[in-house]
Each structure stands twice: as C-alpha cells, then as structure tokens.
Amino acid sequence: MTRRADLTSARLPRGFADRGQTELAATRAMTDKIRETYELWGFEALETPFFEYTDALGKFLPDQDRPNAGVFSLKDDDDQWMSLRYDLTAPLARHVAENFQKLAKPYRSYRFGPVFRNEKPGPGRFRQFLQFDADIVGAASVSADAEMCMMMADTLDALGLRGKYVIKVNNRKILDGVMEAIGLGGEENAGRRLTVLRAIDKLDRLGAEGVRALLGQGRKDDSGDFTKGAGLTPDSIDTVLSFLLVQSGALTPLQDVTNMAPAQRSEGDVMTFKTPEGSPSYFVESNQGIVDSLRVLFADNPTSREGIDELAQIAALAEASGYKRDRVRLDPSVVRGLEYYTGPVFEAELTFTVHDDEGRPIQFGSVGGGGRYDGLVGRFMAEDVPATGFSIGVSRLQAALRALKGEEEKATGPVVVLVLDRDHIGASMAQAAKLRAGGIAAEVYLGSSGMKAQMKYADRRKSPCVVIQGSDEREKGEVTLKDLVEGAKAAAAITERAEWTESRPAQVTVPEHRLVEEVKAILARRD
RNA sequence: GCCGCCAUAGCUCAGUUGGUUAGAGCGCUAGAUUGUGGAUCUAGAGGUCCCUGGUUCGAGCCCAGGUGGUGGUACCA
C-alpha cells in the first residue's frame with residue numbers, strides 16, 4: 001500500500017466529465033436519429049482528427065505569449081503548433097480544400113464528435129463537448145441555406161421536439177447594410193461593427209433597453225462591471241433597434257413606423273412605437289410580414305436589400321415545402337458567429353422552460369446554429385468556395401432532452417448466475433454460456449460474497465433475473481429462476497420477515513435443460 | 001478575465017463568545033436470517049474540518065494568500 005500522504009488524488013481536470021452507461025445510451029439514441037435524418041437528406045459521413053495545425057483552424061494563430069488562449073495547443077516535435085479542434089467546421093474546410101478535386105460538388109457531408117475549448121467551464125458547459133454538423137460545400141444558392149434550415153427542423157422533429165423549438169433565420173447582409181447606412185461601413189469600423197453585433201446578441205438577456213445602453217455609451221451590470229458601448233448616436237441606435245424589434249411585435253402597426261421619418265425621432269422613441277393595447281399586429285405574425293416590413297424600413301441600402309431578398313427566398317422555399325413559421329421563423333435579432341458568417345444565419349432555439357432541482361426556471365435557448373460561410377474554404381485556396389452548414393450541440397441538446405423527459409430508465413443489465421458453491425463454479429459458467437448462446441446477456445457472479453450480497457449485486461446491476469443452483473437443485477437436475485422485477489413488486493406488500501422468507505415471490509424451479517427458454521419467458525414479460 | 005458568495009464523512013448538512021476524544025440523517029459493510037433484493041433491529045467501517053502560512057496558551061471557527069466550486073458579468077470560432 002502506498003502511504004496515505006503519497007497517494008495520488010483521483011480527480012478529473014476541470015471542465016471535463018466521465019460519462020456512464022445511462023448517458024452514453026442516451027447519446028447513442030440521439031445520434032442515431034440525427035444521423036438517420038442527415039442520411040435521408042443525402043449527406044455522407046466524414047471523420048477528421050481531433051488535432052489540426054493551428055493555422056488551419058483559423059482564428060487562433062500561434063501566439064508565443066498565450067498559445068492556449070481559447071484553444072488547447074501544443075508544439076509538435078518539428079516545432080509546428082497543433083491545436084485540438086474547437087469546432088467541426090474549420091476541419092471540414094481544411095478537408096475540402098485538401099481534397100477538392102476528388103469531391104463531388106456540391107459536397108454534402110456530416111460529422112460528429114468531441115470538440116475542445118479552453119475556457120471557463122460552467123454548469124452545463126464543458127471544455128470538451130459533442131457536436132453533430134452537416135454542411136453543403138460548393139452551393140452558392142440560398143436553396144442550400146433553406147435546406148439546412150429544413151433539415152435542422154426535421155432533425156429536432158425526429159428527436160421528438162416537434163412544437164418545442166423554432167429555427168430562427170436572419171441574414172447578415174441586412175445588418176451589414178444597416179450599419180453602412182449609419183456610417184459604420186468600411187474596414188476602419190470593423191471593431192465598432194463587432195461591438196454592435198455583440199450588443200445585438202444580448203437582446204434576449206438584457207432586453208431592448210440593455211441593448212440600447214450597449215449601443216450607446218455602455219452599460220453597468222449588477223456586479224458593478226462596466227461594459228463599454230459602441231458609441232452610436234441616438235438616431236443610429238433607433239435604426240438598429242427598429243431592425244431588431246421587427247419580429248417582436250413591438251413595432252406594430254407598420255404604418256406608425258413608416259409615417260415617422262428617422263430624423264423625427266428622438267432618443268427613446270423606438271419604444272413609443274409599441275402597439276397600443278389590443279391593436280392589431282397582423283404583419284409580424286407571418287414570415288412574409290417580416291419581409292414586408294424589412295423592405296419598407298431598410299430596402300434603401302443595396303446590401304440590405306440583397307439580404308432581405310435572400311431571406312424572402314428562404315422563407316418561401318421553406319413555406320413551399322411545408323415548413324411554416326412554427327418551425328422556420330424569420331428573426332432579425334439573430335446574429336451568431338460574429339466573425340465569419342457572410343449571409344444567412346440560423347439558430348435552433350428550444351422554446352420550453354423546465355425547472356432545476358431547486359425549482360428555478362432554466363431556459364435552454366440555443367441548441368444549434370449555423371449559416372453561410374463563403375470565406376472559410378477560400379482561406380486555403382485561390383478560388384472562393386461557397387459553403388453553408390449548421391452544428392447541433394449534442395451535449396446541450398441531450399441535457400435539454402433529459403430535463404424534458406426525466407432521467408432515462410437505466411438499461412436492463414445482464415442475467416446474473418449466482419455462485420452458491422464455489423466448487424461448482426464451472427456449472428455456473430456453463431449455464432451463463434448457454435444463456436449467451438441463446439442471445440441473452442448473462443454473467444457469472446465473480447465476487448466472494450454470500451448469497452444475500454449476490455442478490456443485492458444483481459439488483460444493482462438492474463438484472464432482470466437471477467439463476468440459482470444450490471445443492472438442492474443440482475441433485476435434482478434443476479435450476480431456480482427468480483424474476484427480480486416481479487419479485488420487487490411482490491416484496492413491496494410484505495412487512496413480516498417470516499412471510500418474506502417463506503413466500504419466495506416470483507421464482508420458479510425448472511429442469512436445467514429448460515434454462516434458456518424459461519429465462520426467455522421471464523424476459524418476455526419486460527417487453 | 002473582472003466582481004460576489006461558498007468549502008466539515010460517499011451524499012445532504014449541524015457544530016455555541018476560539019476550549020479536551022468533530023456529530024446527525026441518508027448511503028455503505030456485516031450480523032440477527034441454517035439458501036433470497038425489501039422492511040425492522042444491532043454492530044462496524046468511513047474525516048488532513050480544501051491547501052499553505054499567520055494570530056493565539058489553544059483554530060473546524062479569526063486573518064492573508066492559494067486551490068476548487070458556485071452566481072453574475074465579459075469573451076465565445
């Protein structure tokens with residue numbers, strides 16, 4: 001024995017988790033359904049390694065001071081930086097560029113696996129987690145984007161979430177145009193545009209007034225921390241907010257907005273556009289209505305107009321295929337992937353609320369998203385390669401499903417063959433072998449404890465049934481089978497010890513040659 | 001990264017103004033029960049009171065730093 005002081009502490013690195021039988025089974029059930037859906041849509045499998053050269057991953061170039069900021073990186077023995085992948089899109093771009101000649105384009109592929117992020121873990125947030133992506137590379141048309149949205153909807157339907165999610169769709173070009181219109185165009189304003197996008201991304205959490213503060217001077221949060229704002233003028237803020245609020249119903253009716261020129265507004269006026277109590281808000285209730293109002297508000301700018309047209313096409317294609325607004329919904333407040341998306345962006349949001357152990361509501365929110373990234377493959381090749389795709393956060397979605405459906409029943413364990421007489425363990429092993437030959441999961445008890453402990457063991461293994469053969473049975477060429485599930489039910493009613501020991505509920509003694517079929521009969525009661 | 005809160009048995013938690021061998025419930029192991037999961041009763045095992053240093057005659061308790069967790073915030077491909 002190692003001296004106590006010298007023991008190594010058995011501990012998992014922060015932000016990583018072991019996953020047991022129950023969780024793995026749930027993951028498998030989920031990923032089977034996702035894979036099935038993707039394949040129905042004609043996507044083929046691809047696997048790439050966990051490691052890539054750091055420069056291939058894109059954003060995080062090797063930085064001498066902080067090579068591990070955000071990603072896990074290490075130097076190969078030839079001094080090249082390698083990193084653990086932080087998503088599945090960058091490796092796909094690399095694969096496509098590297099094998100461009102061989103692939104049939106448009107290339108429809110999917111991939112599944114763990115990705116790694118070196119950042120602060122939180123509840124439900126790990127440094128290793130699972131993603132399941134699908135992408136179409138080499139199709140520039142918005143019909144590809146529309147397909148991605150519809151397939152995402154199909155996938156969530158297949159997982160039993162129909163009516164409990166919505167795929168929100170937006171187009172980055174509209175916002176780009178809006179920002180051009182308020183004087184944030186051009187390379188020199190890239191930083192401020194990013195600040196605006198970040199502010200917009202917080203609409204859910206902070207509400208319109210929080211976003212207004214972040215678009216203006218800045219905002220002080222509850223912990224006293226100050227976040228510097230984008231420094232927009234009140235007019236510009238109104239313009240941006242009016243864009244975001246198109247979908248929320250806050251801007252109805254349409255005429256009220258269009259009757260007031262932007263120059264007439266003063267700070268705070270956006271909120272005064274709210275619908276008066278009970279007045280109609282017909283146009284936000286449909287995707288077409290959102291397109292219409294976007295056209296009225298923002299079509300002056302050519303970039304915005306292009307984005308609106310694309311958005312309209314996606315909505316029309318989805319609609320024509322039977323995906324109504326309850327599944328695929330236009331929503332100008334979705335930004336996502338601040339840096340690299342170039343056109344349509346989408347986000348799968350769960351719309352239900354569950355409560356945690358302490359009864360507090362949890363909003364799961366986004367469980368996946370994606371969009372068009374026409375620039376990503378182009379980093380590796382002279383020619384531009386259009387691409388669109390999305391990613392499902394499997395770990396997060398699984399947590400949501402668990403919260404929704406409750407803990408999955410632990411899968412049934414094997415039949416346990418008890419060993420009452422260690423000298424005859426060979427007979428026990430032969431019985432287990434027969435069961436396996438009959439297609440029944442079975443194991444021989446290999447510990448050193450007595451019968452009572454063996455029963456307890458079988459119970460914990462969630463064994464459906466135990467095989468008992470002591471000297472009594474052996475002499476008669478018999479085995480006793482105990483149905484543990486029925487037995488537990490019978491036991492619940494018993495309070496007297498004597499009754500407990502004598503009734504021996506839910507067990508039968510049968511000739512040994514009938515072992516397999518009798519066990520099958522017990523198992524059949526489960527199904 | 002920044003701000004706050006927390007850390008005692010496998011789990012959930014008590015622990016007095018700083019005072020001798022640190023407790024409970026649940027769980028675990030075993031026995032009562034000659035061959036049966038549950039219930040009941042009995043016994044047992046299980047602790048670096050997160051770590052390091054400081055104050056004190058004396059620290060689970062007070063102080064400082066660290067680590068871990070947690071809540072908010074920032075970042076998020």
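Naming: A, B, ... by sequence-line order, numbering from 1 per chain. Here the structure is a predicted model, which means the values were calculated and not measured.
- To the nearest 0.5 Å, the span separating CE on A:Met151 from CE on A:Met148 amounts to 4.5 Å.
- If you check every strand for non-hydrogen atoms under 4.0 Å, A:Ala492 touches nothing.
- When heavy atoms are screened at a 4.0 angstrom cut-off, A:Asp483 is found touching base atoms of the nucleic acid.
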Decide yes or no on salt bridge (charged side-chain N to carboxylate O under 4.0 Å, His left out) for A:Arg336 and A:Asp201, but give the supporting numbers first. CA-CA 7 Å; A:Arg336 285 200 71 84; A:Asp201 206 19; over 6 Å; no

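- In terms of heavy atoms, A:Gly389 sits closest to A:Asp135 at CA-OD2, 3.3 Å.
- Within the 4.0 angstrom heavy-atom criterion, base atoms lie near A:Ser471.
- Within 4.0 Å of A:Thr227, counting heavy atoms only, lie sugar-phosphate atoms of the nucleic acid but no base atom.
- When only modelled atom types and interatomic distance are considered, A:Gln469 and A:Glu478 share no side-chain donor-acceptor pair under 3.5 Å.
- For the P atoms, the distance from B:rG27 to B:rU73 is 39 Å, rounded to whole Å.
- Contact annotation for A:Lys202: backbone-only contact, meaning every heavy-atom pair under 4.0 Å involves sugar-phosphate atoms and none involves a base.
- With rounding to whole Å, A:Leu57 atom CG is found 15 Å from B:rC76 atom C1'.
- The gap from the C1' atom of B:rG23 to that of B:rG69 amounts to 24 Å, rounded to the nearest Å.
- Looking at heavy-atom distances under 4.0 Å, A:Arg497 makes contact with a base.
- Separating the CG atom of A:Leu206 from the P atom of B:rC75 is a distance of 10 Å, rounded to the nearest angstrom.
- For the P atom pair drawn from B:rU8 and B:rU12, the interatomic distance equals 9 Å after rounding to whole Å.
- Rounded to whole Å, the P atom of B:rA59 lies 28 Å from the corresponding atom of B:rA45.
- Side-chain atoms of A:Arg205 lie closest to B:rU73 of the nucleotides B:rG37, B:rU73, B:rG69.
- Counting non-hydrogen atoms under 4.0 angstrom, A:Glu473 reaches a base of the nucleic acid.
- With sequence neighbours excluded, no residue satisfies salt bridge (charged side-chain N to carboxylate O under 4.0 Å, His left out) with A:Asp87.
- Between A:Lys456 and B:rU29 there is a side-chain polar atom (N or O) within less than 4.0 angstrom of OP1 or OP2.
- Nucleotide B:rC75 holds its P atom 12 Å from the CG atom of A:Leu197, rounded to whole Å.
- Between A:Tyr373 and A:Tyr340, the two ring planes are perpendicular [angle over 60°; tilted spans 30° to 60°].
- Going from atom CZ of A:Arg460 over to atom P of B:rC28 covers 5 Å, rounded to whole Å.
- Formation of a donor-acceptor pair under 3.5 Å by the A:Tyr165 side chain with backbone atoms of A:Phe352 is not found in this model.
- Nucleotides B:rC61 and B:rA9 place their P atoms 15 Å apart, quoted to the nearest Å.
- For A:Arg198, whose side chain is taken as the heavy atoms from C-beta onward, the closest listed nucleotide among B:rC75, B:rG35, B:rU29 is B:rC75.
- Listed nucleotides B:rG35, B:rG69, B:rA77 differ in distance to A:Arg14; the shortest reach to its side chain belongs to B:rG69.
- Remark: the separation of the C1' atoms in B:rU70 and B:rC63 is 24 Å, to the nearest Å.
- As a whole-Å value, the separation of A:Met455 CE from B:rA39 P is 14 Å.
- Using C1' as the reference atom, B:rA43 and B:rU33 are 16 Å apart when rounded to the nearest Å.
- Helical stems in RNA chain B, defined as runs of 3 or more consecutive Watson-Crick or G-U wobble pairs with both donor-acceptor distances under 3.5 Å, are listed by first residue as B:1-7 with B:67-73, B:10-13 with B:23-26, B:28-32 with B:40-44, B:50-54 with B:62-66.
- A:Gln128 has its CD atom 18 Å from the C1' atom of B:rA77, to the nearest Å.
- With hydrogens and angles ignored, no donor-acceptor pair under 3.5 angstrom links the side chain of A:Arg336 to the base of B:rC76.
- With distances taken from any side-chain atom of A:Glu119 to the nucleotides B:rA30, B:rU29, B:rA77, the minimum falls on B:rA77.
- What separates CZ of A:Arg125 from C1' of B:rG72 is a distance of 13 Å, to the nearest Å.
- Closest to the side chain of A:Lys120, out of B:rA77, B:rU29, B:rG71, is B:rG71.
- A donor-acceptor contact shorter than 3.5 Å is absent between the side chain of A:Gln131 and the backbone of A:Val394.
- When heavy atoms are screened at a 4.0 angstrom cut-off, A:Gln507 is found touching base atoms of the nucleic acid.
- Stacking is not found between A:Trp500 and the pyrimidine-like six-membered ring of the B:rA39 base under the 5.5 Å centre-distance and 30° plane-angle cut-offs.
- By the 4.0 Å N-to-carboxylate-O rule, A:Glu347 lies too far from A:Lys168 to be salt-bridged with it.
- Side-chain N/O atoms of A:Lys452 and base N/O atoms of B:rU36 include no donor-acceptor pair closer than 3.5 Å.
- Closest to the side chain of A:Ile468, from the set B:rG37, B:rA77, B:rU36, is B:rU36.
- Computed from coordinates, the A:Phe390 CZ to B:rA77 P distance equals 18 Å when rounded to whole Å.
- Checking A:Ser449 against A:Ala488, the closest nucleotide of RNA chain B that is more toward the 5' end is the one next to A:Ser449.
- Using the six-membered ring where Trp is involved, A:Phe16 and A:Phe72 have ring planes that are tilted, between 30° and 60° apart.
- Rounded to the nearest Å, the gap between the P atom of B:rC5 and that of B:rC62 is 14 Å.
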